[in-house]
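Below you'll find the structure, written out as C-alpha cells, and then a few comments.
Throughout, protein chains are lettered first and strands after them, A, B, ... in sequence-line order, and every chain is numbered starting at 1.
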Amino acid sequence: MTAVLSLEQVSKQFPGVKALDNVSLTVAAGEIHALLGENGAGKSTLMKILCGIHQPDEGTIRLDGEPRRFTSYRDACATGVGIVFQEFSLVPWLSVVDNIFLGREPRNRLGLIRHAQMRAEANALFDRLEIDIDPEISVHRLSVADQQFVEIAKALSLNARVLVLDEPTAPLTPSEVERLFRIMRRLREDGVAMVFISHHLEEIFQICDRITVLRDGTYVDSCRVADTDHDALVEMMIGRRVENIFPPRQARAANSPLLLTAEIGLKQTDHTDSITLHRGEILGFAGLVGSGRSEFAMALIGAYPTRVAQIRLDGADVTFRSPADALDAGIGMLPEDRKRQGLILPFSCADNITLNHLGQFYRPAPFISRKQEAETVDAAMDQVRVKAPSAQTPVASLSGGNQQKVVIARWLDRGCRILIFDEPTRGIDVGAKAEIYTLMKRLAAQGIAIIMISSELPEITGLCDRVLVFSHGRIVAELADEAIEADTIMRHAVTEPRRNDVSHSVTEDA
Amino acid sequence: MSDATPSAAVAAPRRQRRSRWQRLLHSPMFFPLLGFIAVFIIMSLVNDRFLDLGNIQNVIRQGSVIGIIAVGMSFAIFTGGIDLSVGPVMALSGTIMAGLMAAGWPAPVAIAAGLCLGSAFGAFNGFCVAFGRMPPIIVTLATMGAAHGLALLYTGGYPISGLPSWFSWFGRGTLAGIQLPILIMLLTYAIAYVVLHHTPFGRYVYAVGGNEEATRLTGIRVPRTKMLVYTISGLTAAIAGLVITSRLMSGQPGIGEGFELDAIAAVVLGGAAIAGGRGVVLGTLVGAMLLAMLNNGLNLMGVSSYLQDVIKGGIILLAVYIGRGRDA
Ligand SMILES: Nc1ncnc2c1ncn2[C@@H]1O[C@H](COP(=O)(O)OP(=O)(O)OP(=O)(O)O)[C@@H](O)[C@H]1O
Ligand SMILES: [Mg+2]
C-alpha cells in the first residue's frame, strides 16, 4: 500500500488524562480519511502530535515510510504536513496574504518582504483551490467560510502532502460545506492525503474513503466507508445505539401565554423586525450564516447597538442596555463563538459554569460558599456529561466539544425565563447532542422559552415549535408545526427580502 | 483493559482531586515562593546581620508602603489593566491629610478626607476606563501627572509639618510588638484576599481579565467591576499615603516617584499575568517582600544604589522569564 502517512502505536498522557493509548492510523495518497470519536476521544490530540504541537510519549510517525520526529509545528510544515485547527488561528486584522505567509514571509536581499511574490503565490493557491478571495482584504471582513478557505490555503502553502482538517465544517452552512468538499475532491485528485474530523456523519459518507474510530483514547477500528453505515458508525463511536436523536414532538400547548414581543431595528439599517415568544416554546432562527440571526439576538439582550428596540416582557416595557440588564430580567444567551464570546479560558470548568450566578452560593452575602458551588457544578457537569478529570481542570485543556458543554452548563438551572442558544451543538458529538436536545425539551416543558439559532436544518426541523427564517438581515418567513421543512426553510433563506414590507414579520404561504 | 461496557464508556466522568503538592506546583505562587526562599537564604548567608529579628521587621516595614500600593495594582493588573497614578495619588492623599491636620482639623476627619480623595481619584480613573472606554495606561498616565501637579499646587511645593504628635503612631507605633505599617499592610492583604477569592466581585475581576467580551455577554456588569477596581487602587494608594506621611511626620508632595514601577514589579514577581486573568494577591505580597529584601540586603552589603537598580532589574527579568507561559 502507498501509505503517505502512518502513525503507529501512539500514546499520550496529560495530567490526569490518558488522551491516547496505543493508537494507529494510516492514510494513503489521494485518500480522505475520517477520524471519528466522541468529544474528548483524542482526535485533536492525535492530530496535534502529527503536527509537532504535542510530543508523543510513545509511538512513531512515518511519512512515506520514514520515521519522523517533529519538534514544532514549523518543523512539520516544512516536511509537508498542514493543519486547519479546530479553533480559528488567523490574525483578524492582517490581510489574507499576510496571514498565509505569517512567520515565513519571502524576503529580498535587504530583508524586506517581497509583497508581489507573496501576492502571486496566494493567487496561484486560490486558483488551484478555485476560490475567489481578494488576497489584500483584511481577514476580519471575510465570511466564516472564506476564513476557513484561507486556513486551508495557508495549510497548503508549503505544498503539503498531508492535510489535516479538524472540524472544518462546524461553522459552515450546507452550501459552503459543498464548496469545501469540491476543494477537497480537487486536492484528492492531486494526491493529497487528508484527515477529516467531523461530528456530522452524513458528511463522512459524502466525502470520505476510509474511517478510523477512537473511543476514550483507544483505537477501536478502521474500515472503508462503503462497508459501513450510519448506525454501525455510531455504535463504534459511543459503544451503544442512539435510537432517536430528537425527542418525540409533543403537541405544543396550543395557546401558551405570550412571554415576549420585540421590535428591533439595528443601528445603520432602515428597517425593523418583530418577534413574539411564548412560554415553553422553542423558537428557531434559521437562515444562512451572516443572515443577521445572531445580531438580532444580541440586540435583544442589549449586546448590539440598535436604533429601535421596543421590548415587552410579560406585559411590561423593558429596556436592556447591557446583557446584565437582560439577565436581571431573566434572559440569558449562549453565544456562537465559545472561545471568543463564551469561555474564560484561564478559569476552571467550575468557575466558568458558576460565573453568572454566584449569588446563589451566598452564605452569607457577599461571601461564596465553595462547597455549595462545587455541588452545583458537579450536578451541572453530569447533566451535559462534560468529560474532564475534575471540575477544577482548566477549561483550556478540555476538548472542543467538552468546552462547548461547559458553556451550556452555565445556563442550566439558572432560573432564566428565556434562553437564547446560538449554535448550541457546534462541535458536540452525536450521543451528547441527543442529550442536549432532551435537555432543551425539558427546559421548555418547565415553561422556559428558548430561542435556538442554528445552521443545522435537522436540528431546526426536529426541535422547533416555530421557525423564523432570516435572510439579508431581515425576517422573511415564519413557519410553524407541519410547515417546518428543510426545503421550505432553504427556499426562504436564499430569497432576497422585499424592500417594501417593513416592520411586520411576514406571514407568507406555509 | 478499557473495553468498557457499552454504557460505562459514556458514564459520569472521573473526578479526582490533585494532591496537595501538585496543587502547589501548579499554583501561581510556586515560583515567587521559590525565588523568595532563594533570595532569603542568599541574603542571610552573605550577611550575618540580615537574620536579626529587628532587621527582619525593618525589612517588612520598609516594604510595606510598596506592599500596600501593590494590592490595588494587583486588582488593576488582574483585570488586564494597570494603574500608573498610584505614586502621586499616594503623595496627594498624604499631603491633604497633613494639610488638614496642620490647619487644625481633627485627625480622624483629615485621615478620612485623604482616603476619600484617593478613592475619588481612583474612581475617576475607573470612570474613564470603564465608561469612557479609554485604555488604562493612557488614562492613569494622565492622572498621574495631574495628581502630582495637584499635590504641588496644594502645598506650594513645600513639605507640610506641624502634625499632632500621636499621628506618628501609624508609621512608627507598634501593636503587640509589631510595627503598625506591617499590621496595616497585612490587614490590607487579608481583606483583598477575601474579596478576591470569596466574593463574586473578586471572581469578576479575574473574569474580566480572562475574557472581557465573554464576561460581558454572560451578564456581568463589566464597567461597574472596572470602576470598583480602580477605586480600590486609589484607596490603597491613599492608605500608603497615610503610612508614609505618618512615618515622616510631614506631608511630602513630591514623594512616591517611581513607586508605580515597584508596585508593578511586585505584582509580576508574584506570578501574575500582565495580560490579566491570572494571579494571586498573596503572590504580590511575596513579590513586594522580595523587593524589600533585596533593597535591604544590598544596602547592608554596601552595594551602590546604582548597581542595586541594575541587580533588581535583572532579577525581575529572570523571574518573568521563569514564570512565562506556564500552564497556558
Ligand atoms: N493541553 C491539554 N492538557 C491536558 N489535557 C488535555 C490537553 N489537550 C487535550 N486534553 C485532554 O485530552 C483528551 C482528548 O482531547 P481531544 O481534544 O483530543 O479530543 P477530541 O477527540 O478532539 O474531542 P472533540 O470532538 O470535543 O474536539 C480530553 O480528555 C482532553 O481533556
Ligand atoms: Mg477536537
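- Between chain A and the residues B:Val195, B:Thr199, B:Thr218, the most heavy-atom pairs under 4.5 angstrom are made by B:Thr218.
- Across all non-hydrogen atoms, the minimal contact from B:Ile220 to A:Leu355 is CD1-O, 3.8 Å.
- Looking at A:Gln341 and B:Leu217, their side chains come closer than 4.5 Å, going by heavy atoms from C-beta outward.
- At most 12 heavy atoms of other shown residues, nucleotides or ligands fall within 6.0 angstrom of atom CZ in B:Phe124.
- The number of heavy-atom neighbours closer than 6.0 Å to CD1 of B:Ile137, taken from other residues, nucleotides and ligands shown, is 12 or below.
- In this structure, CZ in A:Phe347 is found 10.5 Å from CZ in B:Arg278, a value given to the nearest 0.5 Å.
- Chain B forms the most heavy-atom pairs under 4.5 Å with one residue out of A:Leu327, A:Leu343, A:Leu334, A:Asp351, and that residue is A:Asp351.
- Taking 4.0 Å as the cut-off between side-chain N and carboxylate O, B:Glu213 and A:Lys339 do not count as a salt-bridged pair.
- Heavy atoms of A:Glu435 lying under 4.5 Å from chain B are absent altogether.
- Nearest heavy atom pair, residue B:Pro200 against residue A:Tyr362, reads CG-OH, 3.3 Å.
- For B:Gly277 against A:Pro346, the heavy-atom pair with the smallest separation is O-CB, 4.0 Å.
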Assess whether side chain to side chain contact (heavy atoms under 4.5 Å, CB included) is satisfied between A:Ile344 and B:Tyr206, documenting all intermediate values.
CA-CA 9 Å; A:Ile344 317 292; B:Tyr206 289 107; over 6 Å; no

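- Atoms CZ and CG, from B:Phe201 and A:Leu358 in turn, are 13.0 Å apart once rounded to the nearest 0.5 Å.
- The environment of CZ in A:Arg363 is sparse: at most 12 heavy-atom neighbours from other residues, nucleotides or ligands sit within 6.0 Å.
- With chain A as partner, the option from B:Glu212, B:Arg224, B:Arg203 having the largest number of non-hydrogen pairs under 4.5 angstrom is B:Arg203.
- The nearest pair of heavy atoms linking A:Phe367 to B:Val194 is CE2-CG1, 3.4 Å.
- Of the listed residues (A:Gly332, A:Ala326, A:Pro366), the one with the most heavy-atom contacts under 4.5 Å to chain B is A:Pro366.
- Between A:Ser322 and B:Arg216, the side chains place no donor N or O within less than 3.5 Å of an acceptor N or O (distance only, hydrogens not considered).
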Could you please spell out the steps behind the side chain to side chain contact (heavy atoms under 4.5 Å, CB included) verdict for B:His197 and A:Ile368?
CA-CA 9 Å; B:His197 294 281; A:Ile368 306 166; over 6 Å; no

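- The parts of A:Asp325 that come within reach of chain B are both its backbone and its side chain, each placing non-hydrogen atoms under 4.5 angstrom from that chain.
- A:Arg340 approaches B:Asn211 most closely through the heavy-atom pair O-ND2, 3.1 Å.
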